Trainee: 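Once you've had a glance at the structure underneath, I'll fire off some questions.
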Amino acid sequence: MKTSTPSLNRQILALAVPAFGALIAEPLFVMADSAIIGHLGTPQLAGLTLGSTVVQTIVGLAVFLSYSTTPAVARAFGSGDLKRAYTAGRDGLVTALMLGVLVAGALWLTAPGLITALGGTGEMHTFGVDYLRWSLPGLPAMLAVLAAVGVLRGMQDTKTPLYVATGGAVLNAGLNWVLVYPAGMGVAGSALGTSAVQWLMALVLGAMVVRGMRAHHVLAVPGITGVAGVLRVGSWLMLRTLSMRIALLATVFVVTAQGAENLAAYQLVLTFFNFLAFALDSLAIAAQALLGKELGARNLDRPAERDAVVVLKDRLVRWALGFGLVTALLCPLVGFFSAPLFTSDSQVQHLFALAMLVVAVGQPLASYVFILDGVLIGAQDVRYLALASLLNAVVYLPMLVAVYLIFSGSASVAGFIWLWVSYALGYMGIRALTLGHRARQGVWIK
């Protein structure tokens, strides 16, 4: 049956609006840390940049726990097989906890070397190691949250993650302030507070998945094949994310060579860029959940059924482009009016405001990239996504090399702006070309 326009729009909004609130919780965590730490001093903020880059890199690599679980659960949900849906959710949750414990232990031992590899020296290095190590107790919980949220999204529920994420963001800001200032823990207190809140979120969301497992008689312990299945699909998604993270880490390395002020400004710009990216990704989450459900519910051997999937994809793209235009209008306002809230350094404020103009220009492009990423993840076209992301990084890295060679060792405004031109326009541009090419083909509908 053909879905009417109002009904399709309502389905998109019903998933995207709550997903927006839940997605921005993670950048809100970092924004709260940035605001609290920023008033301790520029070295502390620069150290936060380095430590949080490592943590977010690991969490970003592990996003496959959510992105593989959502379409798998959604397909089972669309076909009416709830036991299979919760089995996929269990496999993701157990895999998340196992990986979290192993990776946290490895990062504790290698923390000083990792911060050094990112270019941290002196006080920046000390604060970076402190933030990284005190974040690690919460890493298994962070990964468990990813998997549990993936289950709920696959069940077409984005409201529950919103409620949990909102409560976590509010609690995180208050707890971190107490630990940083009254308790006198500084950068370490900010990381410890976030770790504690992540565990509370994981317990709430995990309990909901376990309740569903019990109701549908799903065993608590997965077999080897269950975990292997998550890791098999996840390996392609991890390559996709690894390529993106290499691009981001290389960007951090280049801006670190421009000095502490440019690095501190980069942290503020990246925080807001991620905030807007997660906002755009709310529609991508709707794409993952809706497309997964549609692909599970429809007979794709029939042309009319395949056409219905294409109609959904096209509608999502139009929504994303409109959303991107709105966020583009917000960027200059954020850049010029919010900088004093995060730092008292006038040079950092100036760099932040200018870079947000570049981000504004690239927002429609970013929105197109994010929605197509969500479409292809929802269709489980993970191999193409991985290879395309690798190609994107190969094209982007020479742009960074040019910025590094020209502006290294110089805390110049021009170097900072060209860095963001390379990322927000150059990198996003090549991603738009590769994803757009795939989306116009029909092979991803399978």
Side-chain angles (χ1 to χ4, degrees), residues 57-107 136 139-155 202 205-246 285 288-289 291-293 295-296 373-374 376-390 443-444 446:
T57 296
I58 298 302
V59 174
L61 289 173
V63 78
F64 74 85
L65 294 164
S66 180
Y67 286 178
S68 62
T69 303
T70 295
V73 172
R75 286 206 181 203
F77 180 81
S79 65
D81 190 347
L82 292 182
K83 182 173 183 178
R84 180 160 61 93
Y86 277 109
T87 298
R90 174 209 61 192
D91 294 343
L93 198 59
V94 172
T95 303
L97 290 170
M98 291 171 56
L99 284 176
V101 171
L102 291 174
V103 174
L107 287 179
L136 295 178
L139 187 61
M142 295 179 194
L143 303 193
V145 166
L146 288 176
V149 167
V151 177
L152 295 175
R153 288 173 182 165
M155 297 289 186
L205 293 170
M208 298 188 67
V209 177
V210 170
R211 185 167 63 243
M213 289 167 50
R214 289 176 177 172
H216 294 89
H217 309 291
V218 175
L219 297 177
V221 180
I224 296 177
T225 56
V227 174
V230 174
L231 295 176
R232 183 172 56 253
V233 175
S235 63
W236 287 112
L237 288 172
M238 185 178 290
L239 176 59
R240 159 199 171 269
T241 308
L242 179 61
S243 301
M244 295 165 62
R245 285 289 163 175
I246 287 173
I285 295 301
Q288 293 177 31
L291 279 167
K293 185 185 73 171
L295 291 170
D373 197 56
L376 297 181
I377 289 173
Q380 296 180 302
D381 195 7
V382 293
R383 182 175 181 273
Y384 180 83
L385 281 170
L387 296 177
S389 294
L390 189 60
V443 295
W444 55 271
K446 55 190 176 179

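The model shown is predicted, which means the values in this text are computed figures rather than measured ones. The first residue of the sequence shown is numbered 1, and numbering continues consecutively from there.
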Trainee: Do Val59 and Leu146 have side-chain heavy atoms sitting under 4.5 Å apart?
Mentor: yes

Trainee: Can I get a per-line list of side-chain donor-acceptor pairs under 3.5 Å for residues 87-96, giving both atom names and the distance, sequence neighbours left out?
Mentor:
residue	atom	partner	partner atom	Å
Thr87	OG1	Lys83	O	2.8
Arg90	NH1	Leu219	O	3.0
Thr95	OG1	Asp91	O	2.7

Trainee: Looking at Phe77 and Ala85, what are the two nearest heavy atoms and their distance?
Mentor: N-CB, 4.4 Å

Trainee: Which atom names give the shortest non-hydrogen contact between Ser389 and Ser243, and what distance separates them?
Mentor: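 Reported closest heavy-atom pair: O-CB, 3.4 Å.
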
Trainee: In the structure I gave you, are the side-chain heavy atoms of Arg84 and Ser79 within less than 4.5 Å of one another anywhere?
Mentor: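 Side-chain contact under 4.5 Å: yes.
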
Trainee: Would you compute the distance between atom OG1 of Thr69 and atom CG of Leu152 and round it to the nearest 0.5 angstrom?
Mentor: 11.0 Å

Trainee: I'd like to know whether Gln380 forms a side chain to side chain contact (heavy atoms under 4.5 Å, CB included) with Ser68, so could you lay out the CA-CA distance, the side-chain angles of the two residues, the decisive distance to 0.1 Å, and finally the verdict.
Mentor: CA-CA 8 Å; Gln380 296 180 302; Ser68 62; over 6 Å; no

Trainee: About how many Å separate OG1 of Thr70 and CD of Gln288, when rounded to the nearest 0.5 Å?
Mentor: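 Rounded to the nearest 0.5 Å, the CD-OG1 separation comes out at 5.5 Å.
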
Trainee: Are Leu107 and Leu139 side-chain neighbours, meaning at least one heavy-atom pair lies under 4.5 Å?
Mentor: yes

Trainee: Return the OG1 to CG distance between Thr241 and Leu385, rounded to the nearest 0.5 Å.
Mentor: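 Rounded to the nearest 0.5 Å, the OG1-CG separation comes out at 9.5 Å.
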
Trainee: Do Leu61 and Arg240 have side-chain heavy atoms sitting under 4.5 Å apart?
Mentor: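 SC-SC contact between Leu61 and Arg240 ruled out.
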
Trainee: Which distance, rounded to the nearest 0.5 Å, do you find between the NE2 of His216 and the CZ of Arg211?
Mentor: 12.0 Å

Trainee: Taking all heavy atoms of Ala74 and all of Ala289, pick out the closest pair and write down the distance.
Mentor: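 Nearest pair, atom of Ala74 first, then Ala289: CB-O, 3.7 Å.
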
Trainee: Report yes if some heavy atom in the side chain of Arg75 is under 4.5 Å from a heavy atom in the side chain of Leu295; otherwise report no.
Mentor: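 They are in contact (side-chain heavy atoms under 4.5 Å apart), so the answer is yes.
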
Trainee: Could you pull out the closest heavy-atom pair between Pro71 and Ser66, with the gap in Å?
Mentor: CD-O, 4.5 Å

Trainee: Decide yes or no on side chain to side chain contact (heavy atoms under 4.5 Å, CB included) for Met238 and Tyr67, but give the supporting numbers first.
Mentor: CA-CA 10 Å; Met238 185 178 290; Tyr67 286 178; over 6 Å; no

Trainee: Could you walk me through whether Phe64 and Val233 satisfy the side chain to side chain contact (heavy atoms under 4.5 Å, CB included) test, starting with their C-alpha distance in whole Å, then the side-chain angles of each, then the deciding distance to 0.1 Å, before giving a yes or no?
Mentor: CA-CA 8 Å; Phe64 74 85; Val233 175; over 6 Å; no

Trainee: Does a side-chain heavy-atom distance below 4.5 Å link Val209 with Leu205?
Mentor: no

Trainee: As an exercise, state the distance from CZ of Arg232 to CG of Leu237, rounded to the nearest 0.5 Å.
Mentor: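 Here the interatomic distance stands at 12.5 Å.
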
Trainee: Supply the atom-to-atom distance Leu387 CG to Trp236 CH2, rounded to the nearest 0.5 angstrom.
Mentor: 5.0 Å

